[in-house]
Amino acid sequence: MSRIITQSLEAGLQRAFSLADAFIKACPDEVWAQKFGAWPVWQQLHHPFASVDFFLRAENAAPEAALFEPGVAELKTIPRETPEKSLIHDSASKAQAKVRDYAAGLDDVRLGELNTGLSGRLGRDMTHAATLALIASHLMYHLGACDAALREQGLPGVF
């Protein structure tokens, strides 16, 4: 089966995760812990990585074990402690692997099929193609906020 469209979506995802990796490496500790856009910079990254489980989890499957209580990933609460970059970097690597495995199981025909788990959780139809695009755009949105935090400090961004 053809994977031309699937591969183009995978390329966008790879770009987003590569920028996240570059950001984690470039972000100074004082910016990492700083609030920007109402949330600490690190939490702006944790949120899209933790959301991958929500987007890709099978219908009726239990959520994966989380790094923090659910309110942290949902951007409802801010924990007292700032996690080390390595913890969030590991979370990014796991999320990227999960997305890569999910995309590897798709071809261009399957892209148009429903992601039943996400569709059920959102209460509206979401195809596999929409899911991949959502993961990439969601990560890029939060990376934009993180990049702006660097630039506000006079530092070069990663974009």
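For the ring pair (Phe, Tyr, Trp, His ring centres under 6.0 Å) test, residues two or more places apart in sequence or in another chain that qualify with H46 are F68. In this structure, D107 has no salt bridge (charged side-chain N to carboxylate O under 4.0 Å, His left out) partners at least two apart in sequence or on a different chain.
A donor-acceptor contact shorter than 3.5 Å is absent between the side chain of Q43 and the backbone of A73. In this structure, Q34 contributes its side chain and P40 its backbone to no donor-acceptor pair below 3.5 Å. Between the side chain of E69 and the backbone N or O of G71 there is at least one donor-acceptor pair closer than 3.5 Å. Not a single donor-acceptor pair under 3.5 Å links the side chain of E74 to the backbone N or O of H47. The backbone N or O of G117 sits less than 3.5 Å from a side-chain atom of R121, completing a donor-acceptor pair.
Here the shortest heavy-atom pairing between A148 and F36 reads CB-CE2, 3.6 Å. When all heavy atoms are compared, the tightest approach of P63 to D53 is CA-OD2, 3.5 Å. Q44 approaches P48 most closely through the heavy-atom pair O-CD, 3.0 Å. Closest approach of I4 to D108, counting heavy atoms only: N-OD2, 3.0 Å. Residues A62 and R57 approach most closely at O-CD, 3.3 Å, considering heavy atoms. C27 approaches W32 most closely through the heavy-atom pair SG-N, 3.5 Å.
Summarising the geometry, atom CG belonging to L139 is positioned 9.5 Å from atom CD belonging to Q96; distances are rounded to the nearest 0.5 Å. Taking SG of C146 as the start and CH2 of W42 as the end, the distance is 11.5 Å to the nearest 0.5 Å. In this structure, S86 OG and I24 CD1 are separated by 10.0 Å, a value rounded to the nearest 0.5 Å.
Using a cutoff of 4.0 Å between basic side-chain nitrogens and carboxylate oxygens, R3 and E10 are scored as salt-bridged. By the 4.0 Å N-to-carboxylate-O rule, E64 lies close enough to K98 to be salt-bridged with it. Between D90 and K94 there is no salt bridge, since none of the side-chain N atoms of the basic residue sits less than 4.0 Å from a carboxylate O of the acidic one.
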Task: Verdict with supporting geometry, Q153 and E30, side-chain hydrogen bond (donor to acceptor under 3.5 Å, both in side chains) - done: CA-CA 10 Å; Q153 300 295 317; E30 59 274 8; over 6 Å; no
Open item on the list: Under the criterion side chain to side chain contact (heavy atoms under 4.5 Å, CB included), I'd like the reasoning laid out for I78 against K35: C-alpha separation, chi angles, the key distance, then a yes or no.
Closed with: CA-CA 10 Å; I78 300 171; K35 277 189 183 178; 3.5 Å; yes
- [ ] Dump the intermediate steps for side-chain hydrogen bond (donor to acceptor under 3.5 Å, both in side chains) on T127 and E113, then the final yes or no.
- [x] CA-CA 5 Å; T127 64; E113 295 175 4; over 6 Å; no
Open item on the list: One pair to check against side-chain hydrogen bond (donor to acceptor under 3.5 Å, both in side chains): D125 and S119. What are the steps and the verdict?
Closed with: CA-CA 5 Å; D125 289 348; S119 295; 4.7 Å; no
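For residues 71-117, the set of pairs meeting the ring pair (Phe, Tyr, Trp, His ring centres under 6.0 Å) definition, not counting sequence neighbours, comprises Y102-H128.
Few gaps surround CZ on F159; more than 12 heavy atoms of other groups in view lie less than 6.0 Å from it. No more than 12 heavy atoms of other residues, nucleotides or ligands lie within 6.0 Å of CD in E84, so this atom counts as exposed by the packing criterion.
V99 is not connected to L114 by any chain of hydrophobic side-chain contacts under 4.5 Å among Ile, Leu, Val, Met, Phe, Trp and Tyr, and they are in different clusters. F55 and L122 fall within a single hydrophobic cluster, where Ile, Leu, Val, Met, Phe, Trp and Tyr are joined by side-chain heavy atoms under 4.5 Å apart, directly or via other members. The cluster map of Ile, Leu, Val, Met, Phe, Trp and Tyr, joined by side-chain heavy atoms under 4.5 Å apart, puts F49 and L67 in the same cluster. One hydrophobic cluster, built from ILVMFWY side chains closer than 4.5 Å, holds both M140 and L56.
You'll find the side chain of E152 stays beyond 4.5 Å of the side chain of V31, heavy atoms only.
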